[in-house]
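Report on the following structure.
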Amino acid sequence: MPDPFPFPQLWTQIRRKSWMWLFKRQQVEAATKWVRFHAKVGNAILTEAGEVELAGAVGRSELTHELPRVRLRLSENGSLHLTTECSCHAAALCEHAAAIMLYCETDAGQRHIESIAKPGSGRIGEAKNAAEAEGEDSAFQVDNSQPRPVLQLRRVTIDRPQVKIGRS
């Protein structure tokens, strides 16, 4: 039987907050707001001994969110190694990944991750590296049968005549 995953050691390393040095201050501040609104871990995969990959959703609502992936690896000496990916413009080490890390600090988040964790293979960096190695273009199917809402912003300027009161 394989050894159980060392979750207590992982939670201890996360609570030490040494991972925060990887992020900018503004990202951590934004992450605290994201955790308040919407930060969930939907999938936890135990990839190797001492390594877990978390996939989640972070945003203001169910409709407007980004999809960060965080790989946490405990080294032999007990230190924490962090790798991230995200669907946002920053793509890595963004406020969404920081929000997942802050979610891991909460007791409710830790219980949730321990309950959904299962063995498997991680996916951080695999799709991107495979496409770069083979030189393939990624193609996505577009469904135009359903209209998508479009927000159009327009600026309207009005020239008002200046009325002078009094003598000229």
Side-chain angles (χ1 to χ4, degrees), residues 1-140:
M1 181 175 174
D3 292 336
F5 188 81
F7 280 114
Q9 185 180 1
L10 178 68
W11 305 142
T12 301
Q13 289 297 326
I14 290 174
R15 282 192 192 112
R16 287 186 181 164
K17 299 185 188 237
S18 61
W19 56 269
M20 280 190 179
W21 291 104
L22 297 172
F23 298 94
K24 295 178 184 173
R25 180 180 179 163
Q26 296 88 354
Q27 292 173 326
V28 175
E29 289 172 353
T32 58
K33 294 175 186 173
W34 290 120
V35 169
R36 249 184 297 165
F37 290 117
H38 175 76
K40 291 182 185 176
V41 173
N43 200 0
I45 301 170
L46 305 173
T47 55
E48 296 176 10
E51 186 171 309
V52 63
E53 184 174 311
L54 307 173
V58 177
R60 285 193 162 94
S61 69
E62 294 289 332
L63 299 175
T64 58
H65 61 272
E66 301 295 339
L67 303 170
R69 295 180 89 65
V70 177
R71 179 176 285 172
L72 303 169
R73 183 170 55 91
L74 291 170
S75 65
E76 295 294 326
N77 63 359
S79 63
L80 179 68
H81 296 272
L82 174 70
T83 308
T84 69
E85 273 185 4
C86 189
S87 62
C88 71
H89 68 282
L93 293 175
C94 61
E95 63 263 16
H96 307 105
I100 293 294
M101 293 300 294
L102 290 173
Y103 178 77
C104 290
E105 287 185 345
T106 65
D107 291 331
Q110 292 171 3
R111 285 191 303 271
H112 174 67
I113 291 168
E114 288 180 16
S115 67
I116 64 170
K118 61 180 186 264
S121 61
R123 297 193 333 223
I124 285 188
E126 290 180 2
K128 186 187 294 184
N129 293 339
E132 289 174 1
E134 297 173 11
E136 296 177 0
D137 289 335
S138 298
F140 297 98

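If you read the sequence from its start, that first residue is 1, and numbering goes on from there. Just so you know, these numbers come straight off a predicted model, no measurement behind them. These values consider heavy atoms only, across backbone and side chains, with no hydrogens, waters or symmetry-generated copies.
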**Message:** Please find the pair of heavy atoms, one from Trp11 and one from Cys104, that lie closest to each other, and give the distance.
**Reply:** CE3-O, 4.0 Å
**Item:** Gap separating the CD atom of Glu85 from the CZ atom of Arg71, nearest 0.5 angstrom
**Value:** 8.5 Å
**Item:** Distance, nearest 0.5 Å, that separates CD of Gln13 from NE2 of His81
**Value:** 9.5 Å
**Fill in**
In short, Ala31 meets Ala99 closest at the heavy-atom pair CB-N, 3.5 Å
**Request:** For residues Ala57 and His65, report the shortest heavy-atom separation together with the two atoms involved.
**Result:** CB-CD2, 3.7 Å
**side-chain hydrogen bond (donor to acceptor under 3.5 Å, both in side chains): pairs with one or both residues in residues 18-28, sequence neighbours excluded** = Arg25-Glu29
**Flag side-chain contact, heavy atom, 4.5 Å: Leu82 against Leu72** = yes
**Request:** Kindly compute the distance separating OG1 (Thr84) from CZ (Arg69), expressed to the nearest 0.5 Å.
**Result:** 12.0 Å
**Fill in**
With sequence neighbours left out, the residues meeting salt bridge (Lys or Arg N to Asp or Glu O under 4.0 Å) with Glu105 are Lys17
**Prompt:** Between Leu74 and Leu80, is any pair of side-chain heavy atoms under 4.5 Å apart?
**Reply:** yes
**Asked** Which atom names give the shortest non-hydrogen contact between Thr47 and Val52, and what distance separates them?
**Response** OG1-N, 4.4 Å
**salt bridge (Lys or Arg N to Asp or Glu O under 4.0 Å) pairs, two or more places apart, involving residues 109-121** = none
**Asked** Going through the checks in order, is the side chain to side chain contact (heavy atoms under 4.5 Å, CB included) test met by Leu102 and Glu95?
**Response** CA-CA 10 Å; Leu102 290 173; Glu95 63 263 16; over 6 Å; no
**Message:** How close do Ser87 and Leu67 get, counting heavy atoms only, and between which atoms?
**Reply:** OG-N, 2.9 Å
**Asked** Can you say whether the rings of His112 and Tyr103 are parallel (under 30°), tilted (30 to 60°) or perpendicular (over 60°)?
**Response** perpendicular
**Message:** For the CD1 atom of Ile113 and the CD1 atom of Ile14, what is their distance to the nearest 0.5 Å?
**Reply:** 7.0 Å
**Prompt:** How long is the gap from CD on Glu51 to OG1 on Thr83, to the nearest 0.5 Å?
**Reply:** 7.5 Å
